[in-house]
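Given the structure is predicted, the values throughout are model-derived calculations rather than measurements. The chains referred to below are lettered A, B, ... by the order of the sequence lines, with proteins before strands, and numbering in each begins at 1.
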Amino acid sequence: MQGEGIFSGLTEPQAEAVRHTEGALLVLAGPGSGKTRVITRRIAYLVECGIPPWQILAVTFTNKAAAEMRERVVKLLGSADGGTPQKGGGTRGLLVTTFHALCARLLRKYAGIAGVPGIDGNFVIYDTDDQMTLLKRAIETLELSTTNWPARSVLSKISDAKNKLLDAQAFAASPAGGDFYGRTLAKIYAEYQKGLRAADAVDFDDLLLLTAKMLEQHTEVREACRDRWHYLLVDEYQDTNKAQFEIAALLAGGERAAGGEANARPTNICVVGDPDQSIYAWRGADIGNILDFEDLYPGSRVIALGENFRSTQHIIGAADRLIRKNTRRKHKDLFTSNPVGDKVEVAICRDEHHEAALVVDWMKARKQDGTLNWKDMAVFYRTNALSRVIEDAMRAEAIPYVIARGTAYYQREEVKHALGYLRVVANPLDEVSLGRVVNVPARGIGDTTLGKIELWAGENGSGMFEALRQSAAGRGVAVGPKAAGAIGKFVAMIDVWRGLVPEGELGVGGVKGSLAELVEKVVRDSGLEAMYKAGRTDTDEERVQNLAELVSSAREFEEMYEPGSDPVLSKEEGIEASRHRGIEAVGTMGLLRAYLERVTLVSDADAVDPAQGAVTLMTLHAAKGLEFGAVAMIGLEEGVLPHSRVASNPAELEEERRLCFVGITRAMRRLLLTSSRYRTVRGITERTMTSRFIDELPREHVQLSDQSAWQEAGWDVPGRAEGRSTDLRPVSAEVKGLRVGIRVRHPQFGIGEVVGVTGGGDARAQVRFRDIGIKTLVLAYARLEKLD
DNA sequence: ACCGGTGCTCTCTAT
DNA sequence: GAGCACCGGT
């Protein structure tokens with residue numbers, strides 16, 4: 001009886017992967033091959049075999065993937081529990097979480113014991129904005145120019161280093177830190193780290209780097225982890241970077257070919273992934289991790305899941321041919337026994353507006369088929385900037401849509417301010433947050449005053465908050481009486497809030513709603529709410545709404561914060577961790593910290609909720625792991641996909657191709673690829689070239705849309721299309737009084753003189769501008785204003 | 001101290 | 001086309 005449900009409906013390779021529980025296992029899971037099914041069944045199987053769930057750790061990249069996996073395992077084991085529907089079913093202690101949340105948890109639990117330099121268990125996590133602020137400060141401290149050392153690119157260099165497990169010292173000693181540029185970078189890196197530690201903060205990359213180092217250097221922590229988790233599963237393994245690779249390897253223990261001591265127990269590591277879907281090399285992911293898995297774990301088993309259960313034959317055929325162009329991969333045949341289906345449609349559009357209209361029409365047609373609902377459709381694009389025109393078109397046609405940008409809400413100004421206050425409450429050392437909120441709304445603590453206090457703080461080796469407190473009390477640096485009063489009020493306000501959340505009191509089961517109450521109090525007493533209420537614009541009103549929403553989100557978090565439900569810190573774990581710190585239970589402060597952590601670690605992909613009955617708009621990166629009945633991919637142009645920044649680099653070009661592959665393979669039944677002849681980027685309209693990826697698609701699986709504005713030889717076009725295309729060509733602006741010698745104004749290029757005109761289908765004018773010389777402009781797009 | 005305007009830069013993907 | 005730094009007025 002046991003196990004019957006677990007293996008039902010599985011193909012032989014799938015069942016084999018489920019059954020293989022001991023030793024290292026690599027599952028090469030092509031798109032739509034039932035990967036999640038295999039993973040969840042495998043976990044359920046382990047439990048049914050008698051492995052205690054708390055010995056199993058599954059790691060993913062997004063909260064959503066983790067939540068889905070957990071849910072499906074609970075469902076599987078819930079019924080297998082034999083009618084004892086006790087809370088959590090047979091999954092008590094099972095940990096399914098993301099890399100970042102796992103690291104945060106391990107660091108909070110062990111950083112104190114392991115003596116990880118500079119941080120304790122209460123650290124805050126800095127997001128990209130916070131990183132930039134801190135980094136700019138570091139660059140200024142070193143008296144370097146932010147023009148020569150743009151924070152954006154310096155940050156990416158530091159991030160690269162961290163992902164390769166190079167801390168500031170190691171970076172300085174590495175070849176990259178050798179020349180002048182490298183030495184300066186190393187100095188900035190070190191200064192930046194100093195800032196992070198002073199603020200008791202870690203950035204996203206630190207979470208991974210510090211955890212890897214901690215596991216590597218502290219035997220007792222490593223052993224504690226190995227004692228706890230005997231079965232490790234890593235999803236999307238092709239996207240792991242060096243730090244994540246090390247963490248997985250250190251947790252797995254056992255015998256590895258490179259760099260690890262033998263462990264008493266076998267290496268029960270199971271990694272699942274697909275090299276063809278590796279799309280995160282730019283943030284350090286190393287496709288070699290999956291390609292070389294077998295070498296690193298001798299005796300490992302490899303199971304390839306190539307059969308696709310998601311898409312039609314035409315879609316799979318197109319995807320398979322495209323990805324074969326790549327050289328750095330592990331070949332596996334993609335095949336499906338699904339119906340042939342419709343051919344992949346390609347549409348060449350005039351411009352992005354035509355493209356958007358075409359996509360909207362196409363989706364309306366799918367809806368009218370009666371087979372697909374809005375929620376079954378999605379639009380993918382390479383860059384977020386491309387979503388705008390689509391959004392406008394959707395709004396104009398009243399089609400419900402959602403953008404998968406989970407982080408957008410938390411990046412709004414008002415929300416960032418409110419969270420800034422909360423972070424100062426949780427951690428007064430957090431100087432980035434302190435700096436953000438100290439004078440918002442304006443309360444008379446201006447730059448001059450802050451400058452003085454900062455100087456004093458530096459000289460006296462005190463933190464900013466402490467310096468403010470001293471100043472208000474008349475013991476710090478002298479400031480004007482007005483400023484001193486304002487500072488005093490600010491410090492007192494924070495102190496009151498902190499007093500509301502005494503460490504270690506008010507447990508989860510204690511005062512209900514205390515976190516939400518705190519958030520509400522902060523929003524109100526800080527004056528944030530009043531500030532936006534005083535505004536008259538729609539934006540201000542929206543901001544008040546958003547602040548109210550933040551209170552609700554805190555309440556929601558608080559209510560769902562039940563034992564085992566939180567991947568970051570379950571109740572048992574919280575108590576366990578508290579014991580190390582000598583605290584009885586997770587207080588409201590702990591709850592606040594968990595909430596702030598949660599809020600920082602949300603991902604865009606987490607926001608995808610098909611229940612909403614709306615078309616989903618998202619980047620190709622966010623689309624991985626999802627599927628839709630109908631998919632439209634826009635902007636298949638050279639410079640967009642593949643992106644212009646990778647044009648010359650073969651390895652990066654392959655990644656762009658994989659990105660295209662990921663997009664195509666999300667589609668179950670219908671797929672539309674569009675390319676635009678003209679596209680306006682940063683206000684400049686330019687002629688484009690159709691993406692090479694379209695040319696690489698096999699003609700037998702592809703047809704040109706009859707809505708296409710341009711037709712090309714060699715394309716299979718369905719009937720009735722002849723002549724249609726010309727109707728859609730741009731309406732000529734005529735040579736509307738434009739002739740050589742006339743002066744015109746262009747919104748970007750300024751004033752220029754017409755030096756040539758071409759009439760016909762797409763009337764153009766050559767205009768000489770003072771600064772940039774002669775430009776050929778298509779009159780239908782150029783918005784030229786006649787001056788004479 | 002604060003606020004609004006201008007002019008400049010730099011454009012991807014994201015936990 | 002947006003976000004940021006700088007500047008000048010209130």
Side-chain angles (χ1 to χ4, degrees), chain A residues 59-66 97-104 125-129 131-133 136 140 145-147 150-153 155-156 159 162-163 202-209 236 239-241 243-244 278-285 380-389 404-408 410-411 413 439-451 479-480 482-483 486 597-607 618-624 635 639-647 652 655-656 658-660 662-663 680-685 747-748:
Chain A
V59 188
T60 65
F61 276 81
T62 66
N63 295 306
K64 186 168 174 275
T97 187
T98 67
F99 265 110
H100 287 86
L102 173 72
C103 290
I125 302 168
Y126 273 5
D127 66 18
T128 312
D129 283 352
Q131 288 178 281
M132 293 283 263
T133 310
K136 277 180 202 155
E140 277 160 23
S145 107
T146 40
T147 331
R152 184 101 203 90
S153 67
L155 192 58
S156 93
S159 180
K162 288 187 178 180
N163 288 331
V202 300
D203 63 20
F204 287 133
D205 303 314
D206 276 346
L207 284 173
L208 305 175
L209 172 105
E236 306 284 13
D239 287 331
T240 51
N241 60 30
Q244 289 157 333
S278 160
I279 54 176
Y280 285 106
W282 52 273
R283 61 177 209 207
F380 302 156
Y381 33 81
R382 174 67 231 266
T383 67
N384 283 304
L386 296 190
S387 74
R388 245 190 109 128
V389 185
R405 271 193 116 174
T407 57
Y410 295 104
Q411 274 164 5
E413 172 195 300
N439 202 31
V440 177
R443 50 170 68 89
I445 310 175
D447 289 343
T448 347
T449 308
L450 285 174
V479 293
K482 232 171 134 187
E597 178 172 310
R598 172 68 166 208
V599 154
T600 313
L601 295 180
V602 291
S603 72
D604 285 351
D606 297 340
M618 65 179 113
T619 62
L620 285 164
H621 283 91
K624 197 171 60 163
V640 179
L641 182 70
H643 196 268
S644 50
R645 285 191 55 160
V646 310
E652 290 178 68
E655 177 148 317
E656 296 289 304
R658 290 194 291 269
L659 206 44
C660 190
V662 165
T680 306
V681 185
R682 61 195 188 225
I684 297 169
T685 305
Q748 263 71 45

Minimum-distance pair of heavy atoms, taken over all atoms of Lys136(A) and Ala151(A) =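 Looking at all heavy atoms of both residues, the closest pair is CG-CB, 3.9 Å.
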Phosphate contact (dC4(C) OP1 or OP2) by Lys136(A) side-chain N/O below 4.0 Å =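 So the side chain of Lys136(A) is outside the cut-off, no N or O lying under 4.0 Å from OP1 or OP2 of dC4(C).
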What residues form a salt bridge (charged side-chain N to carboxylate O under 4.0 Å, His left out) with Asp206(A), not counting sequence neighbours?
->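 Scan of Asp206(A) (salt bridge (charged side-chain N to carboxylate O under 4.0 Å, His left out), adjacent residues dropped) gives Lys162(A), Arg197(A).
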His643(A): what forms a ring-ring contact (aromatic ring centres under 6.0 Å, His included) with it, not counting sequence neighbours?
->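 So His643(A) forms no ring-ring contact (aromatic ring centres under 6.0 Å, His included) with any residue.
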Ignoring hydrogens and angles, state whether a donor on the side chain of Asn384(A) or Ser387(A) is under 3.5 Å from an acceptor on the partner side chain.
->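 Short answer, no.
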For Asp127(A) and Thr600(A), run side chain to side chain donor-acceptor pair (under 3.5 Å): C-alpha distance rounded to whole Å, both residues' side-chain angles, the deciding distance at 0.1 Å, then the answer.
-> CA-CA 7 Å; Asp127(A) 66 18; Thr600(A) 313; over 6 Å; no
Given atom CD1 of Ile445(A) and atom P of dC2(B), what is their separation to the nearest angstrom?
->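 Atom-to-atom, Ile445(A) to dC2(B), this comes out as 9 Å.
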Distance, rounded to the nearest Å, where Arg443(A) contributes CZ and dA1(B) contributes C1' =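 Arg443(A) atom CZ is separated from dA1(B) atom C1' by 14 Å.
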With the criterion being N/O to N/O and under 3.5 Å, what pairs connect the protein with nucleotides 12-15 of chain B, and how long is each?
from, atom 1, to, atom 2, distance (Å)
dC12(B), O4', His643(A), NE2, 3.2
dC12(B), O2, Arg382(A), NH1, 3.2
dC12(B), O2, Arg382(A), NH2, 2.2
dC12(B), N4, Arg645(A), NE, 3.1
dT13(B), OP1, Asn384(A), N, 2.7
dT13(B), OP1, Asn384(A), ND2, 2.7
dT13(B), O4', Arg382(A), NH2, 3.4
dT13(B), O2, Trp282(A), NE1, 3.1
dT13(B), O2, Arg382(A), NH2, 2.7
dA14(B), OP1, Thr619(A), OG1, 2.9
dA14(B), OP2, Asn384(A), ND2, 3.4
dA14(B), N6, Arg152(A), NH2, 3.1
dT15(B), OP1, Asp604(A), N, 3.0
dT15(B), OP2, Asp604(A), N, 3.3
dT15(B), O3', His100(A), ND1, 3.4
dT15(B), O2, His100(A), NE2, 3.1
dT15(B), O4, Thr128(A), OG1, 3.4

With distance as the sole test, does Asn439(A) use its side chain to make a donor-acceptor pair with the main-chain N or O of Ala442(A) at under 3.5 Å?
->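 No; zero donor-acceptor contacts below 3.5 Å.
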Pick the nucleotide of DNA chain B nearest each of Ala483(A) and Pro150(A); which residue has the one closer to the 5' end?
->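 Its nearest nucleotide being more 5', the pick is Ala483(A).
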